[in-house]
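Everything below concerns the one structure shown next.
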Amino acid sequence: MLRFVSHKVTSRVYSTTTRSHVGSTASSWTTVVSALARSGVIDALHAAVELLNDGDKPDDTSSVMVHLLRVSGNHGYVSLCRQLHGYVVKHGYVSETRLSNSLMRFYKTSDSLEDAHRLFDEMPDPDVISWNSLVSGYVQSGRLQEGLCLFLDLERSNVFPNEFSFTAALAACARLKISWLGACIHSKIVKLGMEKGNVVVGNCLIDMYGKCGSMDDAVLVFRHMEEKDTVSWNAIVASCSRNRKLELGLWFFHQMPNPDTVTYNELIDAFVKSEDFNSAFQILSCMPNPNSSSWNTILTGYVNSEQSREATLFFTKMHSYGVRLDEYSLSIVLAAIAALVVVPWGRVIHSCGLKLGLDSRVVVASALIDMYSKCGMLKQAELMFWTMPRKNLIAWNAMIYGYARNGDSTEAIKLFSQLKQERFLKPDGITFLNLLAVCSHCEVPMELTLGYFEMMVNEYGIKPRVEHCCSLIRAMARRGDIWQAKKVIQEFGFGFDGVAWRALLGACSAGKDLKAAKAVAGKIVVLGEVDEDEYVYIVMSNLYAYHEIWREVSQIRKIMREKGVEKEVGSSWIQEQNVAIQL
DNA sequence: GTAGGGTTAG
């Protein structure tokens, strides 16, 4: 028995008319299907459900089911769709590829990628559409590696990939910045003669090369495209903006026939990235149809250039101008507020989110977790985290970071083990960075810390970055194991990275180990990175002062004065705070 | 009146 409860009360026109056609099944189903295609959707669904419950089976059941699934899926009738799936199984239509494809589309659009995948696995012969649907499902929900693995499975299967398969894979390569695979796919596209005659393929290639930092290749693809649409132009302007080629971007913009809002937003982004906020404002005030994104781009620019105060002022301006605030506006301004540590403002944005119905969106909720934990309000952060309806990895990472930042290693580790139990989530490089950070400045046994590091590399295949090694260095140095820490730097090939040595210097300084600090500072001098900031000078000067070697202290102060890296009032305290938190 | 794809803000 199927049960359909629509969102609104409807008349039963269709059910009565269809009832009168006793015996003429075909015509009633034709009525239903044509109604589904045009208007009167809800009535048609009611009629269809009644027909099915009456045991009235359409001749072309799979076609009718495809229609019903599409329409009820589009209208958000999730329960009805699942029941239709049951009907399909019960009446033995599951092995029909096009019907399964319809069901897959429903599952992936209703956030049940796992159900879509399960369905795919049960299909006797999936076609290229089944494959594309699943690959794009993974790519669109941000599970890029899994999407790419599936694409590679498709390549190995007996199904032949088409343009749609390649565009989905290229999108994943772009976001993961895997240019070599992107280039492989490009050559395959050329070999198959697909690079001409399909604008979307060209657009994806421009975007992929642009995101991978290969500006020249992006331009080359753009130049060779026979047909260009607005997206092609926007993609090339975006590539210029991303790769800091403001002049080139402007040049393309002036050639462009019909710029749209996205084009102008890209230009705003290009100016903001080169910290030319005045030009960005100018575009915002002159462009034809500014939207929330146009404003958000400037807001993001302020946050990224560490002008949090300006960001909050700009947000106020957005509000007073009546700009529609979306989930991104809220999450960006929350990042600014978190940096400024102003809880009352954070609360205002929280209630703003509640009012707009955006508070449970992943970006907003994660930003709230981050803001509350940066303001030391862990209980509030926890409340946000546990009440989130769908938690993605960003939310988990934000909460682990919250514990790490507040020095609660027990809770951080507990949450990490809970994350490991999650079926569809996998810790990433950021997760381990937060976890190792908490190990490095709390009383976590060294074996456990090393265990996490090895787990990251061996179990999850994550290549350690210099930041991961810095945490390990701090953890070792904290236990006085400066020379083992030094070995870590060299073992992982970060010997030429000033960041790693600075981390070690910080560790030496915390342990008041002057001898080791002198050696490490010497290394930084050799690397030629000593003039980058006053950090090395300040650490050494403080360390000499601690050991009461005043001659060296005044010597360093003299060098600092000469080089113009004068220590500002209070900056030493800030430095120490930074060393203490170091996340 | 059958199913699948791309660009911007995070």
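This structure is a prediction, so every number in the text was calculated from the model and none was measured.
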Does the side chain of A/Lys211 get closer than 4.0 angstrom to OP1 or OP2 of B/dT8 through an N or O atom? yes
Separation of A/Phe253 atom CZ from B/dT8 atom P, in whole Å? 18 Å
Interface residues of residues 153-179 of chain A with DNA chain B (non-hydrogen, below 4.0 angstrom): A/Asn162, A/Phe164, A/Thr167
Touch class at under 4.0 angstrom, heavy-atom based, for A/Asp207 against every strand present: sugar-phosphate
Under a 4.0 Å threshold between the charged nitrogen and the carboxylate oxygen, would A/Glu266 count as salt-bridged to A/Lys245? no
Heavy atoms within less than 4.0 Å of DNA chain B: which residues of residues 352-373 of chain A have one? Give them sorted by number. none
Within the 4.0 Å heavy-atom criterion, would you say A/Gln140 contacts the bases, only the backbone, or no part of the nucleic acid? sugar-phosphate
Would you indicate whether A/His91, at its atom NE2, is surrounded by more than 12 heavy atoms from other residues, nucleotides or ligands within a distance under 6.0 Å? yes
Selection residues 251-262 of chain A - residue pairs positive for side-chain hydrogen bond (donor to acceptor under 3.5 Å, both in side chains), sequence neighbours left out: A/Asn234-A/Asp260, A/Asp260-A/Thr263
Taking only Lys NZ, Arg NE, NH1 and NH2, and the carboxylate oxygens of Asp or Glu, determine whether A/Asp153 and A/Arg156 approach each other closer than 4.0 Å. yes
Any residue of residues 319-338 of chain A with a heavy atom less than 4.0 Å from an atom of DNA chain B: A/Tyr328, A/Ile332
From CA spacing to verdict: side chain to side chain donor-acceptor pair (under 3.5 Å), A/Asn101, A/Ser130: CA-CA 6 Å; A/Asn101 286 347; A/Ser130 329; 2.8 Å; yes
Nucleic acid contacts - residues 275-288 of chain A versus DNA chain B, non-hydrogen atoms under 4.0 Å: none
Within the structure shown, what part of the strands sits under 4.0 Å from A/Asn291 by heavy-atom distance: base, sugar-phosphate, or nothing? nothing
Measuring from the side chain of A/Val200 (C-beta onward, heavy atoms only), which nucleotide among B/dG1, B/dG6, B/dA3 has the closest atom? B/dG6
note: A/Ile185, atom CD1; B/dG6, atom P; distance rounded to Å ~ 14 Å
Contact residues, residues 98-109 of chain A to DNA chain B [heavy atom, < 4.0 Å]: A/Arg98, A/Asn101, A/Arg105, A/Lys108
Against the side chain of A/Val128, the closest entry in B/dT8, B/dG4, B/dT7 is B/dG4
Quick one: A/Met65 CE to B/dT2 C1', roughly how many Å, whole number? 14 Å
Taking A/Gly182's backbone N and O only, do any of them form a donor-acceptor pair with A/His186's side chain (distance below 3.5 Å, no angle check)? no
Using only heavy-atom distances, decide whether a donor-acceptor pair under 3.5 angstrom links the side-chain of A/Asp229 to the base of B/dG6. yes
Begin from the C-alpha positions of A/Glu275 and A/Ser305 and carry the test side chain to side chain donor-acceptor pair (under 3.5 Å) through to its verdict. CA-CA 8 Å; A/Glu275 300 210 21; A/Ser305 57; 4.5 Å; no
